[in-house]
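To find a chain, count down the sequence lines: A is the first, B the second, and so on, and within it residues start at 1. Heavy atoms only: backbone and side chains are in, while hydrogens, waters and symmetry mates are out. All values reported here derive from a predicted model rather than from experimental measurement.
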Amino acid sequence: MSEHLLDIRVERKTFASTTVLQNIHLQLQPRETVSLLGPSGCGKSTLLRIVAGLEKDFQGELDSRAGEVAFVFQEPRLMPWLTVEQNIGFSADNHYDKAWVAQLIDEVGLTGFADALPKALSGGMAQRVAIARGLYSRPDVLLLDEPFSAVDAFTRMKLQDLLLELAERHAIALLLVTHDVDEALYLSDRVLVMDNRPSRIRQELAVQLAHPRDRRDPLLAQLKALSLTELQRAHVI
Amino acid sequence: MTSKSKPLPLELPSPRSATLSLSNAWRLRLKGLALPVLIILVLECIVRIGWLPSYQMPAPSEIALTLADLAEGALWKHISASLLRVLLGFAIGAGLALVFAAWVGLSREAEAWLEPTFAGLRSIPSLAWVPLLLLWLGIDETSKIVLIAIGAFFPVYLNGVAAIRDIDRKLVEVGQMYGFSRTRLVRRILLPAALPGLFTGLRSGMSLAWMFLVAAELIAATKGLGYLLSDGRETSRPDIVLAAIIVLALLGKLSDGILAGLEKRFLAWRDTFNGQSAED
């Protein structure tokens, strides 16, 4: 297929003498959601950083036809001296598009918090701001590195639904790294189960369910059992 | 136990709570005044009763009279001379320190070249420069200002470098993600993130500048508060010495207060511990 937004081929990525990634081939289609599922330290974050261009030292090639790629980190990483509004428009310095920022603030459910400082926000709210900052540049692809791992289970579910809604509305493809099996299955069109170090893609699971999904769907439970078996075989759990 | 829920304080800036916090602020200020006032009263009594000889410890009221007396004459000349020296010396020392701190903090290369030299210079007690400065620059203004600049330099430099090196790498990475240029990275992330540390440095630099002012003026001066101190000693007038000390304290507090005010204004975003209130 030549329709893909991203085509990444990593032959080998090493840190000092350890190989963290090996023979990985990953394609992302427009508006598709793909999760990389694996244990901490298996190199999935490194893969994401390679896609984002933060990591340039690897053997392989990155073919990106996506115009704009944005990144949401594991922590919100907001500038504590800037207000919510200024943080969202951070990439455009002080002449950010006010109307667009206001719209994003409404969309992530933070109406009325435009002038709040990050110290006044809860963890979940701060992560909403981080997502809005990611959307500010109108990206084609949003990369997310365990974005909800630091919030409680209920906030996480809300943020997952918010993320799907935003991706749908703005026609964004999502590439998500997670170690939460439920999260990966609930969000994604495809889940790539990663091997332990050196990381390869062990198995690809297609989640053929329309959105909005029901978290209690029996297919999700089946796929969860399957991916847990796969992770066990990979000696991850 | 019954669980009784407290009503949430929803209306935050209501006029009642505003006046309440105002009277709270005054109460805090009064608490701070209690100890000095007590000490002054006790001293006054002790000296009046005669437990302390007044040629050694003049009564506070006597010092106040001396101060009023000086204020009609030479005091303003001394204050303006000292103030000018401190401000000039501090501006030069702190300005250079900020430049070098930024250079060394941002560049590993600059650190390799400069840091060992600064570390060596820092280990010289700054007052050891006095004889050399007097030999090289004479006893007029230049030597005093240079000494004050040296005193102010190191705290500002040290705190500046530490502030830059303490910046959270994760925040810097956000800028790198957006492909920020070096100057943009400095302006948008590094400078604001280093500001708390820079202010700490500036404030301790300012207090050292006052210290070195007194040192410089005690040694050789014809005007200034340090001169007033040594003049009071030579003429056996402890009231003049104490009056000069009080003026120095006030000026030091004033200059630090200005910096603290700036700090509060620029660093309102900090999420820090402010101590526990007595009610908690």
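Counting heavy atoms of neighbouring residues, nucleotides and ligands inside a 6.0 Å radius, atom NZ of Lys119(A) exceeds 12 of them. Annotation for Arg108(B): atom CZ does not count as buried by contact number, only 12 or fewer foreign heavy atoms lying within 6.0 Å. The neighbour count for Trp103(B) CH2, taken as heavy atoms of other residues, nucleotides or ligands under 6.0 Å away, does not exceed 12.
Of the atoms belonging to Ala193(B), heavy atoms from both backbone and side chain fall under 4.5 Å from chain A. Both the backbone and the side chain of Arg133(A) come within contact range of chain B, judged by heavy atoms closer than 4.5 Å. Phe266(B) does not touch chain A: none of its heavy atoms, backbone or side chain, sits under 4.5 Å away.
Using a 4.5 Å heavy-atom cutoff, the side chains of Phe90(A) and Arg188(B) are in contact.
Aromatic rings of Tyr178(B) and Phe71(A) (six-membered ring for Trp) have centroids beyond the 6.0 Å cut-off, not under it.
Using a 4.5 Å heavy-atom cut-off against chain A, no residue of residues 197-210 of chain B qualifies as contacting. Residues of residues 142-160 of chain A having a heavy atom under 4.5 Å from any heavy atom of chain B: none.
Pro80(A) and Trp269(B) make their closest contact through O-CB, 3.1 Å (heavy atoms, listed as atom of the first residue, atom of the second, distance). Across all non-hydrogen atoms, the minimal contact from Arg184(B) to Ser91(A) is NH2-O, 2.7 Å.
Between the Arg77(A) side chain and the Leu171(B) main chain, no donor and acceptor come within less than 3.5 Å of each other. Looking only at distances, no side-chain donor or acceptor of Lys170(B) sits under 3.5 Å from a matching main-chain atom of Phe73(A).
When each of Leu267(B), Leu195(B), Asp168(B), Asp271(B) is checked for heavy-atom pairs under 4.5 Å with chain A, Asp271(B) comes out on top.
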